[in-house]
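Remarks on the structure that follows.
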2 protein chains.
Amino acid sequence: MARQYNWKTGCDVEATLTVIGGRWKPILICRLLSGKKRFGELCRLAPNATERMITLQLRELEADGVIKRTVHAEVPPRVEYEVTEYGRSLQPIIMAMQSWGKDFKTRKYAEEEAAEAADSEHEDTNRKAANG
Amino acid sequence: MARQYNWKTGCDVEATLTVIGGRWKPILICRLLSGKKRFGELCRLAPNATERMITLQLRELEADGVIKRTVHAEVPPRVEYEVTEYGRSLQPIIMAMQSWGKDFKTRKYAEEEAAEAADSEHEDTNRKAANG
DNA sequence: TCCAATACTTACAAAAATGTAGGTACTTGC
DNA sequence: GCAAGTACCTACATTTTTGTAAGTATTGGA
């Protein structure tokens, strides 16, 4: 997300992308929208992301005022992340993405099933042809 | 967007990102939501993107069934892009992004103004101090 | 014959994002 | 003394994305 973007003339959609355009950012925001989480929890909730990526993306979100980081002076350390009030204004976007994605997954899954079914039917035909 | 993603177990938000996660995709979809456009028009409407990027992202959107590409057999060639019915289901996401971005821009702009005002006040103070 | 116009494509180069492997700090409990 | 536990950080390597510059096809018109 290193973009030369003009706040006066730039496109609205592009502006949003400067904040949530990172690969893991929408996912992390989504996780935090349902409540405060510790670093380790976030890692477990985003298993495809590495710890390093999660750290980096959280830092950027923090810098943009979307989330808040709280360090508890304990040993072993405990760090909690939560969305700020401002960050919560992203909720409609994240929710829309979640809802669309759910539907998309169902579609994709159905497609795969259909493809497999077609495949095995094809195998049947081949077998019959070989036998005939 | 080259991700090993599991359609059964994967996160909903992440699923959406496999489709609209490209840097220019949300912008292109946004442009097309307001109506059919020619390639050249899209280039003019997304001036920060190169022609190559626009081509590539359009191809991916087409492959995902979000947009439709129509080639008219003319010389010089004319190619039109439009969102499919399915693509239109992304509208809530794009609109939410647009709305949030608009607000964010206003905020950012105000911040910059404030920073500049503070700066020139600082200069005044310095001048006074130097004079006193 | 050469140019203009459009929507690309291709090879190559640069930049950005992401991943890997290791290390750090601190204190409690064995 | 040593391992465990947490939330990182750092250097480095690799992958992915994006950009640059040039070339392609077609045909009507100067």
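FYI, side chains are in, hydrogens and waters are out, and symmetry mates aren't considered; it's all heavy atoms of this structure. Computed from a predicted structure; not experimentally measured. Throughout, protein chains are lettered first and strands after them, A, B, ... in sequence-line order, and every chain is numbered starting at 1.
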Legend entry - side-chain N/O Arg38(A) vs dA7(D) OP1/OP2, d < 4.0 Å: yes

Inset, instruction - Output yes when at least one side-chain N/O atom of Arg59(A) is less than 4.0 Å from OP1 or OP2 of dC9(D), else no. - result: yes

Length of the line joining [X]:[atom1] and [N]:[atom2], which is rounded to integer Å:
| X | N | atom1 | atom2 | answer |
| --- | --- | --- | --- | --- |
| Phe39(B) | dA7(C) | CZ | C1' | 6 Å |
| Met53(B) | dT10(C) | CE | P | 14 Å |
| Asn48(A) | dT15(D) | CG | P | 18 Å |
| Trp24(B) | dT16(D) | CH2 | C1' | 16 Å |
| Arg78(A) | dC8(D) | CZ | P | 13 Å |
| Glu51(B) | dG23(D) | CD | P | 16 Å |
| His72(B) | dA5(C) | NE2 | C1' | 17 Å |
| Leu58(B) | dC8(C) | CG | P | 8 Å |

Inset, instruction - Quick one: label Gln57(A) by what it contacts on the DNA or RNA (base, sugar-phosphate, nothing), any heavy atom closer than 4.0 Å. - result: sugar-phosphate

Inset, instruction - Using a heavy-atom cut-off of under 4.0 Å over every strand shown, decide if Glu74(A) touches base, sugar-phosphate, or nothing. - result: nothing

Legend entry - Comparing Thr50(A) and Pro76(A) on DNA chain C - which has the more 5′ nearest nucleotide: Thr50(A)

Nearest to side-chain heavy atoms of [X], which nucleotide of [options]:
| X | options | value |
| --- | --- | --- |
| Arg23(B) | dT6(C), dC8(C), dT18(D) | dT18(D) |
| Arg69(B) | dT18(D), dC8(C), dA7(C) | dC8(C) |
| Pro77(A) | dA7(D), dA7(C), dG19(D) | dA7(D) |
| Arg52(B) | dT27(D), dT18(D), dC26(C) | dT18(D) |

Inset, instruction - Tell me, please, whether Tyr86(B) has Arg107(A) positioned over its six-membered ring: NZ or CZ under 6.0 Å from the ring centre and within 45 degrees of its axis? - result: yes

Legend entry - Under 3.5 Å: donor-acceptor pair, side chain of Ser99(B), backbone of Met95(B): no

Inset, instruction - Please check if the side chain of Thr84(B) supplies one atom and the backbone of Lys68(B) the other of a donor-acceptor pair under 3.5 Å. - result: no

Inset, instruction - Using a strict cut-off of less than 4.0 Å between a Lys/Arg side-chain nitrogen and an Asp/Glu carboxylate oxygen, indicate whether Glu60(B) and Lys25(B) qualify as a salt bridge. - result: yes

Legend entry - Residue from Arg38(A), His72(A), Lys37(A) passing side chain to side chain donor-acceptor pair (under 3.5 Å) with Glu80(A): His72(A)

